[in-house]
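Every number for a ligand or one of its atoms is a count from 1 in the order of the listing. Hydrogens, waters and symmetry mates are skipped; everything else that's a heavy atom, side chains included, is used.
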Amino acid sequence: MSSEIRTGIIYDDRYLLHETGMHPEKKERLNAIMSFLEKKGVLEKLERVEPRKASVEEIEYAHTRKYIEEVENYCAKGYNALDLDTLICTQSYDTALLAAGGSITAVDKVMKDELDHVFAFVRPPGHHAEPSRGMGFCLFNNAAIAAYHAMKAYNLERILIYDWDVHHGNGTQLMLYHDPRALYLSTHQSPAYPGTGSIEEIGAGKGEGYTVNVPLSGGTSNKDLETILREILVPICDEYKPQLVMVSAGHDAHENDPLAGMALTSQGYGMMAGIMKEIADEHCDGKIVLLLEGGYNLNALSESVFNVLNTLAGWDMEPEGKPGDDHVRDSTWSRINTVKDKLKEYWPVLVK
Ligand SMILES: [Zn+2]
């Protein structure tokens, strides 16, 4: 049996057709990632997977038909925005279908065991998009649609979605709030956009206990986040035993990101990828799907995406960026304890 790790990426020039001009969520983000990977000489080590468009029926896993038609019509009519910060152009509807479809393709490649990991460089991003409205640069919720696809096509009953974007994934949380087939865990800056994601939001009905929010103050570092993941996410997964690990991979918790105030370095993303890999290797034969969300400093984004792939694929190349300091703040420990207190009823493993 070959122990070779198979890591792939999803990229398509058509993702550049969602034109947003000078907006931070712009096509240059993908250009920067692809040219950096090329410069590092790693593109040939990665299987390049072609995305397909999602069907309207697949988008309907997570959105109302009325909203989907609204997006289609607004784009066709040449409107330039869904709200103040969510820009669109005539090509945005098709590009958003391709982003959701690329996310579905990523799940298929991993679930069919054709690849171990797929990082889908999709845009527009998705985690803020709610059932009947787009917001926060997001049109269709790629992560929720891909998770529902995994449930429907492969009968999965336990999917981990870790949302490491610096912003809370209000849309993903809302869509999966009542569903124990997805465990949604978010670490995000608070207070910050979009204002959701308090510790009190833990899911409801059958999904109670399957939403875990860890709001964090500005300045949160690699070591803070590593400690949170080891104290909360890893033990919960030991009990939940995910059949697929998904990451809403926003790279805007980086210290150089212009839209947020966290203190991760590029190496912090390699660290988080390493923990995802440990979880996936332990519980689901290494199956990991990452979907690009935010990340607006092009250099920070490119470096940290490289570090994620370097860790997952096991290239053992020198990581980009700085290691970050080794200190865990007191406020991080108190946040960890508050989250454990809130969730221990559902996850006894959190009580030591
Ligand atoms: Zn974000």
Side-chain angles (χ1 to χ4, degrees), residues 15 18 20 22-30 32-33 82-87 96 99-100 103 119-130 133-144 146 161-175 184-198 201 211-222 224-225 228-229 246-266 268-269 272-273 276 290-305 307-308:
Y15 288 130
H18 172 60
T20 55
M22 301 296 287
H23 190 282
E25 199 296 288
K26 56 193 175 190
K27 62 186 177 188
E28 285 79 5
R29 299 173 62 234
L30 298 196
I33 292 172
L82 290 186
D83 69 13
L84 278 178
D85 51 24
T86 311
L87 303 188
S103 307
F119 199 149
F121 302 146
V122 294
R123 63 183 288 279
H127 73 152
H128 295 307
E130 296 190 342
R133 67 166 174 169
M135 56 184 276
F137 322 163
C138 301
L139 303 189
F140 298 142
N141 196 306
N142 304 318
I161 302 175
Y162 173 40
D163 189 330
W164 74 39
D165 191 282
V166 77
H167 303 102
H168 181 244
N170 57 298
T172 314
Q173 171 174 301
L174 186 62
M175 287 159 175
Y184 178 73
L185 188 141
S186 173
T187 48
H188 48 271
Q189 189 170 347
S190 176
Y193 184 89
T196 49
S198 83
E201 296 162 25
T211 291
V212 181
N213 282 305
V214 189
L216 298 163
S217 56
T220 296
S221 69
N222 297 358
D224 289 313
L225 217 45
I228 289 163
L229 296 180
M246 289 180 54
V247 179
S248 253
H251 289 230
D252 40 10
H254 194 285
E255 60 181 353
N256 295 335
D257 193 274
L259 298 196
M262 302 285 246
L264 262 66
T265 68
S266 299
Y269 289 89
M272 292 195 288
M276 294 306 108
L290 305 100
L291 308 177
L292 188 66
E293 301 281 1
Y296 306 102
N297 175 300
L298 300 186
N299 189 51
L301 175 63
S302 310
E303 282 186 0
S304 56
V305 165
N307 285 349
V308 166

Problem - Residue from Glu130, His128, Arg133 passing side-chain contact (heavy atoms from CB on, under 4.5 Å) with Cys138 - result: His128

Exercise for the section: Verify the distance criterion only: is there a donor paired with an acceptor across the side chains of Asp83 and Thr86 at less than 3.5 Å? Expected result: yes

Practice task
Measure the acute angle between the ring planes of Phe119 and Phe121, then classify it against the limits of 30° and 60° as parallel, tilted or perpendicular.
Solution key: tilted

Practice task
Return the orientation label for the Tyr296 and Phe137 ring planes: parallel under 30°, perpendicular over 60°, tilted otherwise.
Solution key: perpendicular

Practice task
Look at His127 and state whether any of its N, O or S atoms is less than 2.8 Å from the Zn ion (ligand 1).
Solution key: no

Practice task
If you have a sec, read the angle at the Zn ion (ligand 1) from Asp165 atom OD2 over to Asp252 atom OD2, to 10 degrees.
Solution key: 90°

Problem - Glu293 near the Zn ion (ligand 1) via N/O/S, less than 2.8 Å - result: no

Completion exercise
Looking at His167, the N/O/S atom that lies nearest to the Zn ion (ligand 1) is called ND1

